[in-house]
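Below is one structure, written out as structure tokens; the observations come after it.
Just so we're on the same page: letters track the sequence lines, and every chain starts at 1.
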There are 2 protein chains.
Amino acid sequence: MKMEDHSFLKSETIENVSQIFKVLSDPTRIKILYLLSQEECNVNHIAEVLEMSQSAVSHQLSMLRNLRLVKYRREGKTLFYSCDDEHVISLLKQAIDHSEHH
Amino acid sequence: MKMEDHSFLKSETIENVSQIFKVLSDPTRIKILYLLSQEECNVNHIAEVLEMSQSAVSHQLSMLRNLRLVKYRREGKTLFYSCDDEHVISLLKQAIDHSEHH
DNA sequence: CATACATATGAACATATGCTCATATATAGT
DNA sequence: ACTATATATGAGCATATGTTCATATGTATG
């Protein structure tokens, strides 16, 4: 195929796509997102269920928040996190399905 | 939600899924896979089109080969690479579509 | 078999990543 | 205001990752 016949991706697209997949490439974040896809959770609950430190969970939530993959609401001292990007959850679930059926 | 009511992922599933996404999280590999999804390419062609060194391309192809995301056939001195995992290409294209339409 | 060409591979290096530890901030109750 | 609880954040550290450079391997041809 000749150079000019290629369909090239815009560098902005490539950056966006790699960022989406980078988020999903870490086991910890997969567990957090999968958990949040099932129920709204506060931070300590996530830490307990996933057997992680509060700090580690909070750092990851900070990242997920910045990328707008999760949102939260406050109730007193407690923050309840939930998923905020259905498309990313869809990619995750597809990969899970594919992995489980092969 | 109580602990016993959660649907947990098997650690094997988590590892598989994170590995799929890890492959797709690097801009270079995205470009290579997207290129190979359009046409079968030899190594030097990939290097030229993507403006990368032959060595860098070869290292990445080695990884993609080990994960069985690409395959190749030999023709003389030349190796022609192509995609060998439609599901991964599907995930990639979905993420591209999503990125381009937002 | 010597040479040229295509590709692969190992070592080294710089950067990125995810965790822990310590501490800061925010909110509620006394 | 003091204390307890929930969460966030910064620094430091160990490991992982992607590239380059040099060199090796494999294949065709004179």
query = Any side-chain N or O of B:Asn44 under 4.0 Å from OP1/OP2 of C:dT7?
reply = yes
inquiry  = Salt bridge check, A:Arg73 against A:Glu40: does any charged N sit closer than 4.0 Å to a carboxylate O?
reply    = yes
request  = Could you state the atom-to-atom distance from NZ of A:Lys31 to P of C:dG18 in whole Å?
outcome  = 13 Å
query = In whole angstrom, what separates A:Leu79's CG from D:dT5's P?
reply = 17 Å
inquiry  = Using every non-hydrogen atom in the two residues, find where A:Arg29 and A:Ser25 come nearest and quote the distance to one decimal.
reply    = NH2-OG, 4.5 Å
inquiry  = Can you measure A:Glu15 atom CD to C:dA16 atom C1' for me and round it to whole angstrom units?
reply    = 14 Å
message = I need the CG-C1' distance between A:Asn42 and C:dA28, as an integer number of Å.
response = 16 Å
ask   = Counting side-chain heavy atoms from C-beta on, which of D:dT7, D:dT9, C:dA28 comes nearest to A:Val43?
value = D:dT7
query = Taking only N and O in the side chain of A:Tyr81, is any of them less than 4.0 Å away from OP1 or OP2 of D:dA8?
reply = yes
key: Atom-pair distance (CZ on A:Phe80; P on C:dT27), nearest Å   = 15 Å
message = Expressed as a whole number of angstroms, how long is the span from B:Asn66:CG to C:dA8:P?
response = 11 Å
request  = May I have the distance from B:His45 (atom NE2) to C:dT7 (atom C1'), rounded to whole angstrom?
outcome  = 16 Å
query = Which pair of non-hydrogen atoms, one from B:Leu92 and one from B:Leu33, has the smallest distance, and what is that distance?
reply = CD2-CB, 4.0 Å
ask   = For B:Phe80, does the CZ atom sit with more than 12 other heavy atoms under 6.0 Å from it, leaving out its own atoms?
value = yes
inquiry  = Applying a 4.0 Å non-hydrogen cut-off, can you work out what A:Ser58 is touching in the nucleic acid: base, sugar-phosphate, or nothing?
reply    = base
ask   = Quick one: do the A:Glu39 and A:His45 side chains pair a donor with an acceptor below 3.5 Å?
value = yes
Nucleotide C:dA6, atom P - distance to NZ of B:Lys77 in whole Å = 6 Å
task = Tell me, with the steps shown, if B:Glu86 and B:Ser90 meet side-chain hydrogen bond (donor to acceptor under 3.5 Å, both in side chains).
result = CA-CA 6 Å; B:Glu86 278 311 312; B:Ser90 163; over 6 Å; no
task = By nearest nucleotide on DNA chain C, pick out whichever of A:Gly76 and B:Ser62 is the more 5' one.
result = B:Ser62
key: Parallel, tilted or perpendicular: rings of B:His87 and A:His98 (30°, 60°)   = parallel
Can you check nucleotides 14-21 of chain D for protein contacts, nitrogen or oxygen pairs under 3.5 Å, and list what you find?
| residue | atom | partner | partner atom | Å |
| --- | --- | --- | --- | --- |
| D:dG18 | OP1 | B:Arg29 | NH1 | 3.2 |
| D:dG18 | OP1 | B:Arg29 | NH2 | 2.7 |
| D:dG18 | OP2 | B:Arg29 | NH1 | 3.0 |
| D:dT19 | OP1 | B:Thr28 | OG1 | 2.6 |
| D:dT19 | OP2 | B:Gln60 | NE2 | 2.7 |
| D:dT20 | OP2 | B:Ser53 | OG | 3.0 |
| D:dT20 | O4 | B:His59 | NE2 | 3.3 |
| D:dC21 | N4 | B:Ser55 | OG | 2.6 |

task = Confirm from the modelled atom types if A:Gln54 and D:dA6 form a donor-acceptor pair under 3.5 Å, side chain to base only.
result = no
ask   = Does B:Arg74 place a side-chain N or O at less than 4.0 Å from the phosphate oxygens OP1/OP2 of D:dG26?
value = no
